[in-house]
Amino acid sequence: MAAVPSSFATISQAADSTTTKFCGLRKSLLPTSTGNCFALPKIKDRSRLNMAVATDASRFHAVPMAPPDPILGVSEAFRADTSDLKLNLGVGAYRTEDLQPYVLNVVKKAEKLMLEKGENKEYLPIEGLAAFNKATAELLLGADNPVIKEGRIATVQGLSGTGSLRLAAAFIQRYLPGVKVLISSPTWGNHKNILNDAGVPWSEYRYFDPKTVGLDFDGMLADMKDAPNGSIILLHGCAHNPTGIDPTTEQWDIIADVIQEKEHIAFFDVAYQGFASGSLDEDANSVRRFAARGMELFVAQSYSKNLGLYAERIGATNVITTSPELALRIKSQLKRLARPMYSNPPVHGARIVANVVGDPALFDEWRAEMQLMAGRIKQVRQKLYDELVAKDKSGKDWSFILKQIGMFSFTGLSQSQSENMTNKWHVYMTKDGRISLAGLSSAKCGYLADAIIDSYYNVQ
Ligand code: KET
């Protein structure tokens with residue numbers, strides 16, 4: 001393949017010592033630095049300090065109460081509700097038909113194997129478990145992908161999807177400073193927090209068209225074309241959260257054309273591989289098409305949903321680039337960013353993934369369980385639609401529910417209507433009108449349809 005100029009061409013290999021240089025830099029930037037980042041104010045300021053202590057019992061008196069998280073806060077409110085009717089459709093977490101949390105059989109088998117092997121609990125390397133990193137890149141791209149064969153990918157185990165996005169954002173902040181990340185409107189709410197906390201500027205591109213309850217493809221392309229050349233475009237690899245609307249294969253190709261023309265970099269968030277179509281391969285189609293063009297990519301992966309490893313915090317940051325030598329440099333810098341943040345990642349989830357993906361029998365079993373989970377969600381999606389159509393005599397078209405894919409349905413309910421769902425019907429959901437179908441059972445579809453119809457027609 002012809003050598004393509006890389007956006008990361010100026011990155012140097014990280015030295016062994018990871019902190020000295022930046023520590024020195026930070027110290028010199030601190031106006032009151034005494035050589036210690038958390039130094040107390042100088043002596044002349046102490047009287048002010050004592051007065052403050054005398055009038056306010058705590059040095060933290062000015063700390064305001066943070067609002068509850070728009071997604072995880074919903075689960076907190078759900079736990080506090082004592083009604084028998086309550087239904088948690090807030091967080092995207094898979095439940096069984098009995099609305100119980102689900103540990104995949106294949107995960108239990110992998111854990112049994114791990115226990116039998118009696119593996120130790122020593123630190124992992126900064127980049128994580130080698131077997132996991134190999135398995136995760138192969139799951140993403142396919143084991144035969146030239147990107148893997150040519151060693152043009154830097155993979156670092158991350159703290160699930162969120163931590164992997166955060167590490168990529170830290171890399172962008174350091175090596176592409178000032179470059180804007182464009183995020184879809186709407187998107188998963190935490191994208192904004194992650195970019196804000198990493199000091200990465202962002203703006204939005206049009207994505208959802210409420211009139212068609214579909215993709216605003218023209219608006220999306222126009223906004224990507226209007227962005228400064230060399231911007232970063234954050235895309236949901238599949239099962240867009242919260243809308244459940246993905247581009248078609250043809251649309252993905254046109255998106256890739258625009259990104260290449262504009263010399264943008266695509267940044268894929270892959271949190272639902274397997275949950276859109278039920279097939280792990282099909283759901284990697286977008287990323288694989290982009291990679292086949294020789295494009296440089298960021299990809300953050302998560303195993304929270306597809307292996308049900310929510311609490312294990314297992315995922316990966318991948319950077320696909322133009323040469324193996326550059327991939328090594330990028331990996332060295334990802335490690336350098338990870339070391340002072342969390343040092344090295346946890347081992348348990350990494351071993352589960354490595355065992356499942358690395359063993360053909362377990363892998364097949366996983367695929368079957370994945371299809372089972374995706375299938376159950378499709379069933380309740382259909383049942384909810386049927387109930388809405390049967391109960392709503394107005395003739396409103398509810399078919400958008402069937403067109404959406406993945407764990408969620410974006411109902412179109414407004415904030416006050418969503419609040420009615422919770423306050424009157426004990427249905428817990430996010431205020432943007434999103435419901436997690438993964439938390440719904442067939443038995444509850446009729447009740448949910450009643451709640452939606454009441455909220456839609458009786459609340460402004
Ligand atoms: N990306 C997207 C698009 C996403 O929806 C989530 C989680 C993540 C990344 C991160 O998941 P992690 O567990 O860090 O691997 N979304 C669900 C949970 C959450 O908000 O944390 C949700 O939207 O309900």
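Each ligand, and each atom within it, is numbered from 1 in the order the structure gives.
- Looking at Q333 and R174, their side chains never bring a donor and an acceptor atom within 3.5 Å of each other.
- From the protein, the heavy atom lying nearest to atom 16 (N) of ligand 1 is K305 NZ, 3.2 Å.
- Which parts of ligand 1 touch S304 is read off a 4.0 Å heavy-atom cut-off, strictly below it: atoms 12 (P), 13 (O), 15 (O).
- Using a 4.0 Å cut-off between a side-chain N of Lys or Arg and a carboxylate O of Asp or Glu, K391 and D450 qualify as a salt bridge.
- Among the atoms of Y310, none of the N or O lies under 3.5 angstrom from an N or O of ligand 1.
- When the heavy-atom distances from atom 1 (N) of ligand 1 to T430, D269, I71 are ranked, the shortest goes to D269.
- Sorted by first and then second residue, the side-chain hydrogen bond (donor to acceptor under 3.5 Å, both in side chains) pairs involving residues 209-228 (not counting sequence neighbours) are R206-D223.
- By the 6.0 Å and 45° rule, R434 does not stack over the aromatic ring of F410.
- Note that CD of Q301 is 12.5 Å distant from CZ of F268, once rounded to the nearest 0.5 Å.
- The shell of residues lying under 4.0 angstrom from ligand 1, judged by heavy atoms, excludes N190.
- The distance from ligand 1 to the heavy atoms of R434 drops below 4.0 Å at these ligand atoms: 22 (C), 23 (O), 24 (O).
- Near G92, meaning under 4.0 Å from any of its heavy atoms, are these atoms of ligand 1: 22 (C), 24 (O).
- Salt-bridge check for E204 with K192: passed, with a basic side-chain N closer than 4.0 Å to an acidic carboxylate O.
- Side-chain N/O atoms of T187 and H236 include a donor and acceptor closer than 3.5 Å.
- Ligand 1 places these atoms under 4.0 Å from at least one heavy atom of G161: 12 (P), 14 (O), 15 (O).
- Counting atoms of ligand 1 from 1 in the listed order, those under 4.0 Å from a heavy atom of R313 are 12 (P), 13 (O), 14 (O).
- Geometric assessment of K86 against the ring of F78 yields a positive cation-pi assignment under the 6.0 Å and 45° thresholds.
- The protein non-hydrogen atom at the shortest distance from atom 14 (O) of ligand 1 is T162 OG1, 2.5 Å.
- For the 3.5 Å distance criterion, the side chains of N88 and R79 fail to qualify, holding no donor opposite an acceptor.
- Contact atoms of ligand 1 toward V91: 18 (C), 24 (O) (distance under 4.0 Å to a heavy atom of the residue).
- Contact analysis puts Y272 in contact with ligand 1, with a non-hydrogen atom separation below 4.0 angstrom.
- Close approach of ligand 1 to S302 is summarised as follows: ligand atoms under 4.0 Å from at least one heavy atom of the residue are 12 (P), 15 (O).
- For atom 21 (O) of ligand 1, the closest heavy atom belonging to the protein is W188 CZ2, 3.7 Å.
- Residue contacts with ligand 1, taken as heavy atom pairs separated by less than 4.0 Å, involve S160 via backbone and side-chain atoms alike.
- Side chains of N285 and T249: a donor on one and an acceptor on the other come within 3.5 Å.
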